[in-house]
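Take a look at the structure below.
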2 protein chains.
Amino acid sequence: MTYTIKEVSEKTNLSIYTLRFYDKQGLLPFVARNHSGYRIFTDGDLNLLKTICCLKDTGMKIKDIRTYINYVMAGPSTIKERKKLLLSHRQAVLAVQQKITENLAEIDYKLDIYGSTDATKIVTAEYDFVAAEKESNQLPNPYQAT
Amino acid sequence: MTYTIKEVSEKTNLSIYTLRFYDKQGLLPFVARNHSGYRIFTDGDLNLLKTICCLKDTGMKIKDIRTYINYVMAGPSTIKERKKLLLSHRQAVLAVQQKITENLAEIDYKLDIYGSTDATKIVTAEYDFVAAEKESNQLPNPYQAT
DNA sequence: TTAAACCCTCGACCGTACTCTATGGCAAGG
DNA sequence: CCTTGCCATAGAGTACGGTCGAGGGTTTAA
């Protein structure tokens, strides 16, 4: 089974523009062409494209994805380099994941306040505090709290 | 206690450029100025800045952060809107978090293969498979597998 | 009082990742 | 054969989030 760029676009939720852009960036050297230059995707190509999306969606730069793809194109002799690249990326993703979890806790904390029955009271107290702080430093109060 | 932009830059790991950029974008309407136009940050300002970073680091657009900050500046009457905004953002963050977890599993799967004693064997088998697929569709084999 | 080290604004520039337009070739049905 | 709807490329444009340089005022401490 083979696929046109349009079909791949529908399967991957990448726009046709993006697919062509990725090709131009050297991310799709494995995609064949027919006699008139049309791209022909195979299922194997879709798999690799899925890997590309996986790396992209975890924040890897196109340049680094290209490096990975080039390793893949070069065959089993590059397994060590692939492993190194993915391990380092894995660490970056873990760091991002942890940061998101921390920030989410912060957001949830704020939501707890906003959702509480005392929300107005708490928020007003915060205003009073920062207003006092501004005043104690002879600074204007920028808040329009009512 | 008050802080200069340089001190805030060191405390937040945001560059001075970025702080001024955020101000220009309307994210820091609460920051006071001295008689010659220098920004003067208070501890309360640092708190709000921390919230800004929290939202930014979870992928919120500057435009939406500005909306949130404007709600904060307007006082307790905007609690409902703040809650709505943060709840919707929370959903977006949860979705990102889940996607990252899924992609991380995919990366770990690949790392398992690359780290296995059979790595070369497995990768070679994959090559054989995609090469056969290309051939069965009369397409050239783009891989340089050795 | 002067030099070093700050601070300011404005606007240009940059990197990343697309997104689209213009122009033109190919394919399949009526 | 011709129209409709794909496909292609090159290159311009966009969105976003910074980053920087020029030009000029301020603060601090010797």
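Proteins come first, then strands; the chains are lettered A, B, ... in the order of their sequence lines, and each starts at number 1.
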Length of the CG-P vector between B:Leu14 and D:dG18, whole Å | 8 Å

Just how far, in rounded Å, is C1' of D:dG18 from CG of B:Asp23?
-> 15 Å

Lys/Arg-Asp/Glu bridge criterion (N-O < 4.0 Å) met for A:Arg33, A:Asp23 = yes

Considering only heavy atoms of chain B and a distance under 4.0 Å, specify the first and last nucleotide of DNA chain C in 5' to 3' order that meet this criterion.
-> C:dC6 to C:dG11

Tell me: NE2 of A:His35 to P of D:dA8, nearest whole Å?
-> 13 Å

Touch class at under 4.0 angstrom, heavy-atom based, for B:Lys61 against every strand present | sugar-phosphate

Atom-pair distance (CZ on A:Phe21; P on D:dG11), nearest Å = 16 Å

Hey, what do you get for CG (B:Leu104) to CG (A:Asp57), rounding to the nearest 0.5 Å?
-> 13.0 Å

Taking C-beta and beyond as the side chain, do B:Asp45 and B:Leu28 meet within less than 4.5 Å on heavy atoms?
-> no

Is any side-chain N or O of B:Ser15 closer than 4.0 Å to OP1 or OP2 of D:dG18?
-> no

Nearest-nucleotide wise, let me know which of B:Arg33 and B:Lys6 is further upstream toward the 5' end of DNA chain C.
-> B:Lys6

Side-chain donor/acceptor of B:Tyr38 to base of D:dG25, under 3.5 Å | yes

Looking across every strand, which nucleic acid part, if any, lies under 4.0 Å from A:Lys56 by heavy atom: base, sugar-phosphate, or nothing?
-> sugar-phosphate

So which one's nearest nucleotide on DNA chain D is more toward 5', A:Thr4 or B:Tyr22?
-> A:Thr4

Taken to the nearest whole Å, CD/B:Gln25 to C1'/D:dG17 is 8 Å

Does A:Glu10 CD have over 12 foreign heavy atoms under 6.0 Å away?
-> yes

Heavy atoms from other residues, nucleotides or ligands near CD of B:Glu135 exceed 12 (cutoff 6.0 Å) = no

Output all residues satisfying side chain to side chain donor-acceptor pair (under 3.5 Å) with B:Arg82, sequence neighbours left out; order by chain, then residue number.
-> A:Tyr114, A:Tyr127, B:Thr78

May I ask you to test the A:Tyr68-A:Leu86 pair for a side-chain heavy-atom distance under 4.5 Å?
-> yes

Candidates D:dC7, D:dC20, D:dG17 - which lies nearest the side chain of B:Ile62 | D:dG17

Just checking B:Arg20: base, sugar-phosphate only, or nothing, at a heavy-atom cut-off of under 4.0 Å?
-> base

Check the distance between D:dC6's C1' and A:Arg39's CZ and give it to me in whole angstrom.
-> 13 Å

Between CD1 of B:Ile5 and C1' of D:dT26 the distance, given in whole Å, is 15 Å

Rounding to a whole Å, what distance do you find between B:Arg66:CZ and D:dC16:P?
-> 11 Å

